[in-house]
Amino acid sequence: MFLAQNQAVRLQTLPYRFSVAPMMDWTDRHCRVFHRHLSRRALLYTEMLTTGAIIHGDRERLLGFDAIEHPVALQLGGSDPGELAKAARIGEEFGYDEINLNVGCPSDRVKDGRFGACLMAEPELVARCVEAMKRAVAVPVTVKCRIGIDAQDPEVALDTLARAVVATGCDVLIVHARKAWLNGLSPKENRDIPPLDYDRVYRLKRAMPDVPIIINGGVLTLDEAQAHLAHVDGVMLGRAAYQEPWRLLSVDSEIFGEAAPSATMQDAFEAMMPYIEAQLARGTRLHAITRHFVGAFHAVPGARAFRRHLAEHGTRPGAGVNVLRDAIAKLALRQAA
């Protein structure tokens with residue numbers, strides 16, 4: 001009874017109305033700290049981590065994160081219920097607010113490992129995985145999937161998977177509103193070529209009104225996110241959030257009706273300085289952090305000079321926060337000119 005009540009409280013407090021998608025090579029711990037300075041409320045996700053890496057690898061390097069990142073979810077890749085349960089338990093012990101199972105990634109490496117989008121063809125197995133994770137942790141367990149793969153009929157495939165995982169305890173279903181073509185398209189092509197079918201996700205929500213349904217895929221602006229929220233419970237922004245992070249400055253006010261943690265991008269960078277300095281003192285290279293800042297400014301005089309300065313000086317050995325400060329100063333100089 002206590003676990004059920006605890007899960008209900010967590011589901012009510014996690015900001016599922018808006019989240020930033022898990023993205024390989026992008027949403028690492030430095031990216032998430034950056035995004036947190038732009039939005040207090042957005043739910044953030046790690047990159048997908050395999051169960052094998054978590055169980056056998058360097059857990060602190062893979063799973064460690066800054067407390068400021070909360071609320072933050074761990075995305076797992078795997079298909080063995082026992083290993084997923086063990087990895088989920090480890091993630092909960094590290095302090096993650098949610099455990100998410102990847103049933104949507106279309107890469108060959110993921111397919112060869114029998115996890116990701118290929119699991120759309122095995123809904124019963126996915127359900128067993130969810131059930132095992134639910135038994136292992138008290139935090140919410142969620143699934144991120146596609147509407148189908150290859151020749152599957154999305155009407156049947158998505159409904160079958162959704163009902164199977166919800167029956168075994170899945171708390172939230174995140175749906176990328178595209179098929180994944182595992183035979184014939186590259187992972188990059190799978191992000192753009194299969195047509196978006198938002199109506200299919202809307203129909204799933206109408207069919208399962210009591211299940212939180214989050215829509216993902218092709219959402220570029222907060223106006224588009226607001227339009228989706230008329231039909232589903234939440235919106236997950238992917239590449240637009242990473243490539244144009246300035247959009248996140250408006251999330252708290254437009255989606256949650258609250259003040260943002262930073263009024264401007266410059267304020268966000270200033271707030272990040274202690275974190276950056278602490279990371280540099282631990283041996284982290286400046287570029288590992290500032291590579292996430294490339295799209296920080298839109299239609300701002302000096303944005304190109306800002307990017308150029310970081311590219312030229314941020315990658316040098318021993319580069320410090322003065323490089324970022326100098327890059328920001330170039331914006332101020334252009335704006336004053």
Side-chain angles (χ1 to χ4, degrees), residues 18-21 23-42 44 47 66 68-69 191-192 218-226 237-256 258-337:
F18 186 90
S19 55
V20 177
M23 291 174 280
M24 294 295 292
D25 300 321
W26 289 3
T27 52
D28 63 16
R29 65 180 70 186
H30 308 309
C31 174
R32 297 192 304 267
V33 168
F34 174 40
H35 286 175
R36 182 58 69 220
H37 282 289
L38 305 179
S39 168
R40 289 190 185 93
R41 295 296 307 276
L44 306 178
E47 306 168 85
D66 193 280
I68 196 177
E69 295 176 41
R191 292 194 293 267
D192 297 300
V219 184
L220 300 178
T221 69
L222 294 191
D223 285 343
E224 292 176 14
Q226 291 280 28
L237 216 65
R239 281 172 291 166
Y242 185 87
Q243 295 170 346
E244 300 174 336
W246 51 270
R247 295 188 183 278
L248 299 181
L249 284 168
S250 302
V251 165
D252 289 5
S253 60
E254 294 189 21
I255 304 295
F256 297 100
E258 300 177 4
S262 304
T264 67
M265 189 62 73
Q266 289 93 326
D267 291 338
F269 285 146
E270 190 59 40
M272 279 196 69
M273 289 299 178
Y275 172 83
I276 296 173
E277 290 173 337
Q279 287 295 315
L280 294 177
R282 295 171 187 165
T284 301
R285 295 191 63 177
L286 182 68
H287 178 66
I289 303 171
T290 59
R291 71 187 184 94
H292 302 298
F293 301 166
V294 172
F297 297 98
H298 173 68
V300 175
R304 183 176 298 177
F306 168 85
R307 293 193 297 270
R308 184 184 305 116
H309 190 83
L310 288 182
E312 292 178 356
H313 302 279
T315 57
R316 295 177 180 176
V321 292
N322 60 301
V323 171
L324 178 57
R325 292 191 183 280
D326 290 344
I328 295 170
K330 293 185 180 298
L331 291 161
L333 289 172
R334 285 294 303 274
Q335 290 173 322

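Keep in mind it's a predicted model, so treat the numbers as computed, not measured. What's counted below: heavy atoms across the whole structure, side chains too, no hydrogens, waters or symmetry copies.
- The shortest non-hydrogen separation linking Pro245 to Leu38 is O-CD1, 3.3 Å.
- Side-chain N or O atoms of Ser262 include none that pairs as donor or acceptor with a backbone N or O of Met265 at under 3.5 Å.
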- Message: Test side-chain contact (heavy atoms from CB on, under 4.5 Å) on Ile255 and Arg41; report intermediate values, then the result.
- Response: CA-CA 9 Å; Ile255 304 295; Arg41 295 296 307 276; over 6 Å; no

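- We find the OG1-CG distance between Thr290 and Leu324 to be 7.0 Å, quoted to the nearest 0.5 Å.
- Considering all non-hydrogen atoms of both residues, Leu249 and Ala260 come closest at O-CB, 3.5 Å.
- Qualifying salt bridge (charged side-chain N to carboxylate O under 4.0 Å, His left out) partners for Glu270, counting only residues two or more places apart in sequence or in other chains: Arg325.
- To the nearest 0.5 Å, atoms CG (Asp223) and OG (Ser250) are separated by 10.0 Å.
- Two residues are said to be in side-chain contact when any heavy atoms from C-beta on lie closer than 4.5 Å; Asp66 and Arg32 fail this criterion.
- Using a 4.5 Å heavy-atom threshold, the side chains of Gln226 and Glu254 count as touching.
- By the ring-ring contact (aromatic ring centres under 6.0 Å, His included) test, Phe18 pairs with no residue at all, sequence neighbours left out.
- The residues Asp192 and Arg239 are annotated as salt-bridged, a charged nitrogen and a carboxylate oxygen being separated by less than 4.0 angstrom.
- Of all heavy-atom pairs spanning Trp246 and Gly295, the tightest one is CD1-O, 3.2 Å.
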- Task: Decide side-chain contact (heavy atoms from CB on, under 4.5 Å) for Thr284 and His30; before the verdict, give the C-alpha distance in whole Å, the side-chain angles of both, and the deciding distance to 0.1 Å.
- Result: CA-CA 10 Å; Thr284 301; His30 308 309; 3.8 Å; yes

What side-chain donor-acceptor pairs closer than 3.5 Å can you find for residues 297-311, not counting sequence neighbours?
none

- Please step through salt bridge (charged side-chain N to carboxylate O under 4.0 Å, His left out) for the pair Arg29 and Glu69, ending with a clear verdict. CA-CA 8 Å; Arg29 65 180 70 186; Glu69 295 176 41; over 6 Å; no

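- In this structure, Thr27 and Leu44 have side chains that are not in contact, with every pair of non-hydrogen atoms separated by 4.5 Å or more.
- Taking SG of Cys31 as the start and CG of Asp25 as the end, the distance is 11.5 Å to the nearest 0.5 Å.
- Nearest heavy-atom pair, Val251 versus Ser39, reported as atom, atom and distance to 0.1 Å: CG1-OG, 3.8 Å.
- In terms of heavy-atom proximity, Arg36 sits nearest to Ile68 at CG-O, 3.0 Å.
- The CD atom of Glu47 sits 9.5 Å away from atom CE of Met23, with the distance rounded to the nearest 0.5 Å.
- Rounding to the nearest 0.5 Å gives a distance of 5.5 Å between CG of Leu280 and CD1 of Ile289.
- Residues Ala288 and Asp28 come closest through the heavy atom pair O-OD2, 4.4 Å.
- Here the side chains of Phe293 and Met272 are in contact, with some heavy-atom distance below 4.5 Å.
- Side-chain contact check for His35 and Tyr242: no donor-acceptor pair (N or O, by modelled atom type) lies under 3.5 Å.
- Aromatic pair Tyr275/His37: centroids not less than 6.0 angstrom apart.
- Listed for the Arg40 side chain is a donor-acceptor partner under 3.5 Å among the backbone atoms of Ala259.
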